[in-house]
Protein chains: 2
Amino acid sequence: MIQEKKRTFNVFAASKGLRSTRQRDNILDVFLATHQHVSVEELYLKVKAVSQGVGQATVYRTLKLFVEAGLAREILLHDGQTRYEHVLAGEHHDHLVCTGCNSIIEFENETIEQLQDEIAARHGFMIRSHKLEIYGLCSRCRT
Amino acid sequence: MIQEKKRTFNVFAASKGLRSTRQRDNILDVFLATHQHVSVEELYLKVKAVSQGVGQATVYRTLKLFVEAGLAREILLHDGQTRYEHVLAGEHHDHLVCTGCNSIIEFENETIEQLQDEIAARHGFMIRSHKLEIYGLCSRCRT
DNA sequence: CTAAAAATGAAAATGAGTATCAAAAGCAGG
DNA sequence: CCTGCTTTTGATACTCATTTTCATTTTTAG
Ligand SMILES: [Mn+2]
Ligand SMILES: [Mn+2]
Ligand SMILES: [Zn+2]
Ligand SMILES: [Zn+2]
């Protein structure tokens with residue numbers, strides 16, 4: 001699966017005429033080895049630990065490339081930091097976000113997705129993307 | 001209804017031991033007279049037009065009080081500016097956001113809300129709030 | 001009225017993200 | 001492998017919304 005994603009990125013890079021660099025390889029390796037919902041800063045620190053000499057700017061730039069290539073998704077929660085998560089082709093999910101311990105539970109609900117389509121249709125609206133975030137306390141954080 | 005909201009804020013202020021100031025009164029008046037989804041900067045400019053000598057910091061601080069008091073809701077779209085909208089007691093709605101013209105269509109869907117409750121229950125999660133934003137193009141912006 | 005506490009606002013600080021640009025690295029053709 | 005051209009990088013400067021600071025003003029209880 002990791003190989004699969006690397007191939008996806010290489011195909012994307014080739015189609016865009018992007019050059020192959022040590023930095024992008026490093027960042028992709030670290031990203032693929034990382035758990036979901038990483039902030040740019042977190043990823044930057046991990047990359048730096050693995051290989052000296054990768055700048056923050058490059059991490060920012062490269063994550064945007066991953067999004068363009070379709071292997072990452074940008075997530076904006078309420079903590080002022082952009083996070084990135086893995087995306088499997090065609091997969092989609094939404095989030096339960098615990099404000100107590102910052103943990104995230106993922107879920108999928110086909111009915112909600114369908115209802116969104118209906119709502120959009122009713123308003124002549126063409127959906128490009130959506131986000132559904134439910135904030136509250138996870139079972140461990142409830143008193 | 002405006003009186004109702006002012007009363008709500010006064011009750012809140014009293015319960016919190018907040019002092020009554022000209023600035024907060026001004027900001028509340030302007031906010032209540034304003035259309036939905038105002039950015040802080042927009043509100044600040046309107047307030048300044050009405051009464052000299054209200055600082056930005058106070059507008060920022062006061063809007064947070066309105067949220068605490070339950071008469072405003074914070075909205076974070078993807079334009080880097082925090083916006084505030086009116087909240088009627090017990091009312092809730094979500095948003096279709098046009099990325100073409102930045103217009104916002106509001107909608108309510110009871111079934112989606114119920115499904116969220118079910119999902120949360122299934123995970124032992126206690127919902128405090130949620131946001132559902134659908135991004136795309138409104139009927140006028142579709143080509 | 002008066003003293004203590006809260007509120008204000010100008011200005012400085014913060015912090016995530018972006019732009020700049022000189023230097024380094026990748027690449028295609030010879 | 002050179003060579004020359006283009007892309008990429010990264011240190012640094014910058015942007016811009018929001019927050020903090022703190023001296024001064026305002027509110028309020030007594
Ligand atoms: Mn996720
Ligand atoms: Mn709204
Ligand atoms: Zn939790
Ligand atoms: Zn539009």
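Predicted model, so just to flag it, every value in this text is computed and none were measured. Chain identifiers are assigned alphabetically (A, B, ...) following the order of the sequence lines, protein sequences preceding nucleic acid strands; residue numbering begins at 1 within each chain.
A 4.0 Å heavy-atom criterion places the boundary nucleotides of DNA chain D facing chain B at D:dA17 to D:dT28, written 5' to 3'.
For B:Q52, the CD atom is loosely surrounded, since the number of other residues' heavy atoms within 6.0 Å does not exceed 12.
Ion pairing between B:D29 and B:K6 holds under the 4.0 Å rule for side-chain N and carboxylate O.
Between the side chains of B:H95 and B:H93, at least one donor N or O lies within less than 3.5 Å of an accepting N or O. With 3.5 Å as the limit, one finds a donor-acceptor pair spanning the side chains of B:E133 and B:Y135.
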| message | I'd like to know whether B:R73 forms a side-chain contact (heavy atoms from CB on, under 4.5 Å) with B:Q36, so could you lay out the CA-CA distance, the side-chain angles of the two residues, the decisive distance to 0.1 Å, and finally the verdict. | response | CA-CA 10 Å; B:R73 183 157 71 118; B:Q36 308 281 64; over 6 Å; no
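For the atom pair A:L96 CG and B:H123 NE2, the distance stands at 6.0 Å (nearest 0.5 Å).
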Between side-chain atoms of residues 110-118 of chain A and protein atoms elsewhere (two or more places apart, or another chain), which donor-acceptor pairs fall under 3.5 Å?
| from | atom 1 | to | atom 2 | distance (Å) |
| --- | --- | --- | --- | --- |
| A:E113 | OE2 | A:H130 | NE2 | 3.4 |
| A:Q116 | OE1 | A:H130 | ND1 | 3.4 |

Donor-acceptor pairs are to be reported for all side-chain atoms of residues 57-69 of chain B against protein atoms at under 3.5 Å, with residues two or more places apart or in another chain.
| from | atom 1 | to | atom 2 | distance (Å) |
| --- | --- | --- | --- | --- |
| B:T62 | OG1 | B:T58 | O | 2.6 |
| B:E68 | OE2 | B:K16 | NZ | 3.0 |

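Side-chain N/O atoms of A:K64 include none lying less than 4.0 angstrom from OP1 or OP2 on C:dG17.
Of the residues in residues 26-61 of chain B, those with a non-hydrogen atom less than 4.0 angstrom from any atom of DNA chain D are B:A57, B:Y60, B:R61. For the segment residues 73-80 of chain B, the set of residues with a heavy atom within less than 4.0 Å of an atom of DNA chain D comprises B:G80, in numerical order.
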| Protein proximity profile, nucleotides 24-30 of chain C - base contact B, sugar-phosphate-only contact S, no contact -, cut-off 4.0 Å on heavy atoms | -BBS---
